[in-house]
Amino acid sequence: MPGRMLVRFMLLQKRLLKKGGFLLMLCLAPLLAAGIGRLSAESAGIAVIALYLPEGDASAQEVADRLLKDGGVFRYVPCGDEAEARDLVETGEADAAWIFDEDLTERLEELGEKRWVRPVVTVVERKDSVPLILGREILSSAIYPSFSYMVYAGYVRDELGLAKMTDEELRRVYDGAAVEGSLFQMVYPDETSGETEDFTYVQAPLRGILAVWFTFVGLAAALWFMQDEEKGVYGRVPVTGRLSVSYIAGAAFLLDAAAVLLLSCKLAGVFTDWKREVISCAVFAVCVLAFANLLRMICRTPRRLGMTFLPLLAAMLAFCPVFLNLPYFKAGKLLLPPWYYLQSIHNTRYLYEMAVYTAVLVLVSAVWQRVQSRRW
């Protein structure tokens with residue numbers, strides 16, 4: 001029996017690979033992933049910032065290094081003087097200009113000694129927007145370490161009476177007391193720990209898009225099976241055996257799609273590690289297979305199944321964390337396979353939940369099949 005199933009599976013694979021529509025469906029994902037991967041590597045950002053930093057100023061150089069480190073979500077345009085930075089904003093070539101004081105180090109030392117918080121950067125903006133609000137936060141975080149050191153140095157020399165300490169000694173003690181790692185730890189609402197991803201804003205939604213694409217491959221497999229069923233391809237298969245045959249037919253689709261999904265994640269630069277990716281993808285494939293077949297059995301005709309595609313697409317884009325992760329509609333999320341997959345990449349708890357959800361789908365499908373066979 002297993003040998004016959006393997007032969008049938010290989011014949012289905014051979015038949016699929018001769019279909020241009022199926023090959024086109026598989027090619028869409030890696031092409032999109034490769035394009036996004038290349039786009040994320042290019043110099044791009046959600047806003048353009050004209051940056052004027054005085055030459056020869058140590059604090060200004062430190063701030064510039066923090067801003068330019070690892071790229072970020074902004075594109076910075078260095079300017080030779082203040083007038084050039086303002087002109088770029090006025091002409092629309094930049095969304096904002098950050099103009100640093102000519103004597104930034106002296107200004108920070110003065111503020112640090114007095115422990116005052118005063119502006120040290122002139123910000124020129126065309127109009128206020130969410131990216132520029134974020135930009136001001138990034139600017140403040142880049143300046144804060146320099147200001148913090150000045151406050152520390154002023155306190156040690158003035159309040160503790162250690163005026164003879166050199167800058168090298170102060171810096172060594174200050175750096176030695178620095179907190180290693182992040183001050184914050186990301187956790188999920190269920191209080192289990194999570195992991196952050198080192199992706200750009202361009203790459204972020206790609207995995208969600210691929211998860212939705214993969215689900216539709218499974219639905220296409222179910223639709224294809226229903227069309228073959230109407231043509232009498234499975235006429236010799238008893239009704240009680242149709243469910244297992246539909247799983248075999250769908251597996252032929254999803255095996256190829258799973259390989260493409262992993263390849264696409266790799267091309268786009270959102271790949272984590274092989275063990276996690278392969279296990280999550282395998283469970284996700286079985287989940288999609290069970291979900292698509294149960295929906296096929298409920299709809300009963302290709303036309304009805306096709307009518308569910310658009311509402312399902314809207315639901316997956318709204319409820320699953322593709323572009324936004326809304327904290328509402330928990331019940332709706334639990335019915336959609338992509339939601340489990342996207343969560344399982346970060347937390348193994350959701351991998352187990354996806355396995356349980358898959359088992360429930362298979363059980364319901366088996367019961368539904370038994371009820372339908374009795375009606376025949």
Side-chain angles (χ1 to χ4, degrees), residues 39-158 166-168 170-171 174-175 178-179 182-184 196 198-204:
L39 180 63
S40 64
E42 297 292 331
S43 177
I46 58 177
V48 179
I49 307 296
L51 198 62
Y52 170 62
L53 294 158
E55 295 183 2
D57 190 289
S59 296
Q61 187 59 48
E62 289 178 2
V63 173
D65 292 341
R66 296 187 194 108
L67 290 174
L68 301 176
K69 182 181 179 181
D70 299 328
V73 298
F74 296 101
R75 183 162 66 89
Y76 298 100
V77 179
C79 299
D81 53 41
E82 179 178 345
E84 181 183 354
R86 291 181 179 274
D87 288 342
L88 289 177
V89 177
E90 291 176 1
T91 58
E93 297 179 50
D95 298 288
W98 295 346
I99 303 168
F100 287 74
D101 285 353
E102 293 290 343
D103 51 352
L104 183 62
T105 300
E106 295 179 7
R107 180 69 171 154
L108 289 175
E109 288 178 353
E110 178 186 352
L111 295 175
E113 290 176 1
K114 298 178 180 179
R115 292 169 216 165
W116 287 351
V117 178
R118 297 289 187 275
V120 293
V121 178
T122 301
V123 177
V124 180
E125 298 174 351
R126 297 181 62 193
K127 61 179 180 179
D128 200 10
S129 64
V130 173
L132 295 183
I133 293 174
L134 172 63
R136 293 196 290 271
E137 296 297 329
I138 292 175
L139 175 61
S140 298
S141 67
I143 296 174
Y144 178 77
S146 299
F147 175 71
S148 172
Y149 173 75
M150 297 301 180
V151 172
Y152 160 79
Y155 179 81
V156 170
R157 285 171 173 160
D158 298 338
T166 63
D167 288 335
E168 290 77 11
L170 284 172
R171 176 62 71 176
Y174 180 80
D175 292 340
V179 177
S182 176
L183 293 173
F184 303 95
T196 58
D198 186 21
F199 304 149
T200 68
Y201 71 99
V202 176
Q203 296 167 294

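Between Ile99 and Glu82 the shortest heavy-atom distance is CD1-CG, 3.5 Å. Here the closest heavy-atom approach between residue Tyr52 and residue Cys79 is recorded as CD1-O, 3.6 Å. Between Leu88 and Thr91, the shortest heavy-atom distance links the atoms O-OG1, 3.3 Å. Of all heavy-atom pairs spanning Asp101 and Pro54, the tightest one is O-CG, 3.2 Å. Ala85 and Ala97 make their closest contact through O-CB, 3.7 Å (heavy atoms, listed as atom of the first residue, atom of the second, distance).
Interatomic distance, Leu67 CG to Glu62 CD, rounded to the nearest 0.5 Å: 12.0 Å. Between Asp95 atom CG and Arg75 atom CZ the span is 9.5 Å, to the nearest 0.5 Å. Going from atom CD1 of Ile49 over to atom CD of Glu125 covers 7.5 Å, rounded to the nearest 0.5 Å.
Contact check for Thr122 versus Arg86: side-chain heavy atoms found under the 4.5 Å cut-off. You'll find the side chain of Val123 reaches within 4.5 Å of the side chain of Leu139, heavy atoms only.
With sequence neighbours excluded, no residue forms a side chain to side chain donor-acceptor pair (under 3.5 Å) with Glu90.
For residues 87-109, the pairs satisfying ring-ring contact (aromatic ring centres under 6.0 Å, His included) are Tyr76-Trp98, with sequence neighbours left out.
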